Each structure stands twice: as structure tokens, then as C-alpha cells.
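Handing you this structure, nothing more for now.
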Amino acid sequence: MAIQIPRGTQDILPGQSEKWQYIEGVAREMCRLFQYEEIRTPMFESTELFVRGVGDSTDIVQKEMYTFADKSDRSLTLRPEGTAPVARSYVENKMFGLVNQPVKLFYLAPIFRYERPGAGRYRQHHQFGVEALGSDDPAIDAEIISLAVGFFEKLGLKNLRVAINSLGDKESRVMHRTALINHFKPRIDEFCSDCKRRLEQNPLRILDCKVDHGHELMTTAPSIIDFLNEYSTNYFAQVQQYLQDMDVTTVLDPTLVRGLDYYNHTVFEVMFDSKGFGANATLSGGGRYTGLIEQLDGPATSGIGFGLGIERLLLALEAEGIELPTQKVVDCYFVSFGEAAEQRTVSLLHALRVAGLSAERDYQGRKPKAQLKSADRLEARYVAMLGDDELAEGKITVKNMKTSKQEKIEMTALVQFLQNK
RNA sequence: GUGAGCAUAGUGUAAUAGUUCGCACGUCACCCUGUGAAGGUGAAGGAACUGGUGCAAAUCCAGUUGUUUACCCCA
């Protein structure tokens, strides 16, 4: 049996990789406009970083990390999310001391989680993530959200729903959780088995249960918004106002929570609603984190960011029927008749490439007819044909593949001829 | 981690417990020995792995692996 690719991973092959490059290009361009700079952190970190940063009660840390010991018995973990490494780097490189705050960073990086693969979920996936560290200004929350939305729109995605919520500070979250349990517990027998399990595990999830969504307790359930203190309420109102000022449409979703421990205040998700699209409607998720930097032994610093999965984005683009521009241009394909011509092709081909023209030839000793076929399939703009006749005259036949017109030109004029086309 | 479906040439598919597993596209050759997108003829190339039941297994059963999908959770 041949060796197979590890479960939940995929090769990005030619034909597909061009799409990735395009998406990455759009991401970089957005970041340039919004003035975020690229950071590249290692693919693996001390396990401790994620245990402390992400939170040891989260699913990610409890069961999804690729953790291994190196030869010196250090416990290392393949990056399961993007924010903690950035926060670590911020602290380690003392970026809190930089004159310009917040420090605005982005990354394009592989993420590893040991989980069961499904629709739009992989063991290695790739995220475009953006983080702004060192500012409590609600304007930066709005900026981050508008960047995410702008990115999707630039790629032509429609049917987007931007869900937004505030978790307030940690206190409000704990109080809300208790209130939810008290609300549902007396009548939990009326709910489905999933909800019974959710009651202790994650009572908030009961609210978007598909089975019990009609139950009267659903509508009367306590909302997190009612548990926010004055600062949190005002902060959230300000974020929403700024978003409105930028014409970014959002939907308040009081049931929105995120699975990572470090989130406080603003949280948001960009959802893709399109029928035929699977259960993973979340294209992007993010929010504000206030305790993370301190948790990692840095000064009290607040940050906000988001991550979005490229694989899911590609699925969404496909579902929408959006074709990404992929340009692979072959300026000239060489077709040679006979051995002498084939030998002469080597230097001509090289000359074109040196001159900045993309050029290709046949390496399988195929017949001229088959060479033409290859040129056609590669969508070469021109074919340069060389045989004994041309060699004798010091000329070469150049054929425009679109118009099928061909002419014989001086061999020495080939580069110039093609450059002018 | 739980449940369900699927696994046939490079790709997409068909069939059925019983000779040599059919078709399409692709590949290659020839018709056409210096010209691509059309056509004709021909060729190469295939049952995920392991075990079981049967005279006989691609087909039935079990396990393994992979894959799709719904949960959980997330990007």
C-alpha cells in the first residue's frame, strides 16, 4: 500500500494553489489598506502557552491539540489557534513598549487540531488572522470587524450575516451562566437529551437547539445583555455606533459565544447563509480579549482580533459560484520538427525566459502534432515552430494560436516580436 | 468522541453471486511521416486492505484504513 496523506489534511495542487495565492493577495492588500503588518510565528510552541492562553477547560486544549515531546523532553504543541502565539510574541518582544499602539498584526498560517474531519473541518487548516493589541478604543473593535467584512466582500461573497454580541467582563458571563441554569433546570425534563447534557456543560447552547427551539422557556431565557455593567454596555453601544457609521450591517445575537476562554466584551462571527452549504456556516470568528496578555506575564493589555478559515472560505466561494481569477499565461510554446531543431530550442527557450516571457516546450519527444496539442491545452498565446527549413534560413515560424495566423521571422527577432505582442 | 452512507482504470460512472468488469472523458498510436480545438480505427490502464461464508465473491459478512455527512465543537 502506498503511503497516504494524514487524515484530515490535504494537498493543495496546481490549479488550486493559484486560488490560494489570489486569496492571500487580497488578504495582504486589505491589511495594507488598514495598516496591519505581517507577523510569522513558529508552527509549534510550548504546550504551556495554549494551556494558559486558550484555557485548559476548552475543547481545544482538552482534546484537540497535537502535543509531542522533543528529544529534550520539552512538551511542544502544533499551533491550534492563532491569537495565543501572537500574544506571546507581543510580550516576548516587548511590543507593548512600541511608540505606536495598538500594535496591528496579521498572519496567514496553518492551524492544527486533532478532531474528526467533517464538512469544512480539517486537522490542518489555514487561517487568515488579524490582531490589534494595546488599545481599548471601541473604534478598533469596529475597524477589525469592518476589515473582516470588507475582505469577504472584496472576494465577491454575498449572503453574509455578521452576528455580534457582547460578553461583558468575566463576571457578567459567570452570572449569566448561573441564571441560565436556574432558568432551565426546573423544567429540563421537557427538553431533548442534547439539551440535558448542555445544561451543565454549556447552557448557552440550549438557546440555539434545533429540536427545542419552539419551547416557551427559550423566549423568556435571560440574555447576556441584561448582565452587562455600565462600562460594558456603553462600550458595546459605541462599537455598534461606529459600525453603523461605516455602513457595516450587523445582527445582534445574544446567544453568540465563543469557545475560547479569553474572550470578553465584543465577540462576532461572520456567517455564510446559503442553501446547499453545510453545517459550518461560520466563516470567521473573533472578539476582544482583556486578560490574555497578563495571563502570559505581560502588562495589562487588551486586544481584539479575528481568524478566518481559508478552506471554508473556498467552499463558500464555490457554493456561490464565484470564480477566482487565476492567470497562468504561457507566452510561447516551442514546437520542434526533428532533432536539430530540438537542440536549438534549448537556447531559444532560455532567451525568452531571460527576457521575462513565459515559455514552454515538449520534453517527451512527442510528434509535432501532439506538441501543438499540448500548446493548445496550455492555452499558449504563441507557438514558435522550428524545423529544418527554418534552421537553414535562420528563421522561425511564429503562430498566433488565437487567430491561427502564422509568419516566418528572423530567429534573432523572436524575443522582440513576442515582447511587442 | 458518537451515528449514518460510501470505497470499481488518471477522472466521472454502470452492472450483477456464475466465462475475458461495461461506458464516457483523458492518455498513446495510426488514418494525416511540418501544424491545435472535428471525426474514424485500435491500444494501454481498474475492484482500498485483511480475513470469513460459498462450488463460485467486485457483489454477502466482519474488521482495518480512507472518505462523505449529521452531531459535539469550531475556522
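For clarity, every value in this text was computed on a predicted model and none was experimentally measured. First the proteins, then the strands, lettered A, B, ... as listed; each starts at 1.
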Out of rG36(B), rG66(B), rA75(B), whichever nucleotide has its closest atom nearest the side chain of Gln127(A):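 So the side chain of Gln127(A) is nearest to rA75(B).
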
Judged by atom type as modelled, is there a donor-acceptor pair below 3.5 Å linking the side chain of Thr47(A) to the main-chain atoms of Ser75(A)?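 Present.
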
Determine, for nucleotides 1-10 of chain B in 5'-to-3' order, which nucleotides have protein heavy atoms under 4.0 Å from the base (write B), from only the sugar-phosphate (write S), or from neither (write -). BBBB------

Rounded to the nearest angstrom, tell me the gap between atom CG in Asp362(A) and atom P in rU35(B).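 Spelled out: CG on Asp362(A) to P on rU35(B) is 16 Å.
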
Lys369(A) side chain N/O closer than 4.0 Å to the phosphate oxygens (OP1, OP2) of rC32(B)?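 Lys369(A) to rC32(B) OP1/OP2: no side-chain N or O under 4.0 Å.
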
For His265(A) and Tyr235(A), take the angle between the two ring planes, folded into 0 to 90°, and tell me which bin it lands in: parallel under 30, tilted 30 to 60, perpendicular over 60.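 The rings of His265(A) and Tyr235(A) sit tilted, inter-plane angle from 30° to 60°.
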
NA contact type, Gly286(A), heavy-atom cut-off 4.0 Å: base, sugar-phosphate, or nothing?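 Touches nothing.
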
Look at the side chain of Glu379(A) against the base of rG36(B) and say whether a donor-acceptor pair falls under 3.5 Å; ignore hydrogens and angles.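 Such a pair does not exist between side chain and base.
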
Rounded interatomic separation in angstrom, taking NZ from Lys405(A) and P from rG36(B):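 It works out to 18 Å between those atoms.
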
Residue whose closest nucleotide on RNA chain B lies nearer the 5' end, Gln364(A) versus Asn400(A):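 The residue mapped nearer the 5' terminus is Gln364(A).
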
Give Phe306(A) one of three labels, base, sugar-phosphate or nothing, depending on what nucleic acid heavy atoms sit under 4.0 Å from its own.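 The residue Phe306(A) makes no contact with any strand.
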
Looking only at the side chain of His125(A) (C-beta and beyond, no hydrogens), which of the listed nucleotides rA75(B), rG36(B), rG34(B) gets closest?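 Between rA75(B), rG36(B), rG34(B), the one nearest the side chain of His125(A) would be rA75(B).
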
Does any nucleotide pair with rU19(B) by Watson-Crick or G-U wobble geometry, both distances under 3.5 Å, and what is it?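 By the stated definition (distances under 3.5 Å), nothing pairs with rU19(B).
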
Among rA75(B), rG66(B), rU35(B), the one nearest Gln4(A) by side-chain distance: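 Nearest to the side-chain atoms of Gln4(A), counting from C-beta on, is rG66(B).
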
Using the side-chain heavy atoms of Arg377(A), tell me which of these nucleotides is nearest: rG36(B), rU67(B), rG26(B).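 For Arg377(A), the side-chain atoms sit closest to rG26(B).
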
Taking syn as a glycosidic torsion within 90° of 0 and anything else as anti, which one is rG54(B)?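 Syn, angle within 90° of zero.
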
Can you tell me how far C1' of rU35(B) sits from CZ of Phe337(A), to the nearest Å?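 Those two atoms, CZ and C1', are 6 Å apart.
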
Starting at CG of Leu108(A) and ending at P of rA75(B), how long is that distance when rounded to a whole Å?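 Taking atom P of rA75(B) as the reference, CG of Leu108(A) is at 16 Å.
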
Side chain of Gln406(A), heavy atoms from C-beta onward: which of rU67(B), rU35(B), rG36(B) has the nearest atom to it?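 Nearest nucleotide to the side chain: rU35(B).
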
Nearest-nucleotide wise, let me know which of Lys399(A) and Thr9(A) is further upstream toward the 5' end of RNA chain B.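 Here Lys399(A) is the residue nearer the 5' end.
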
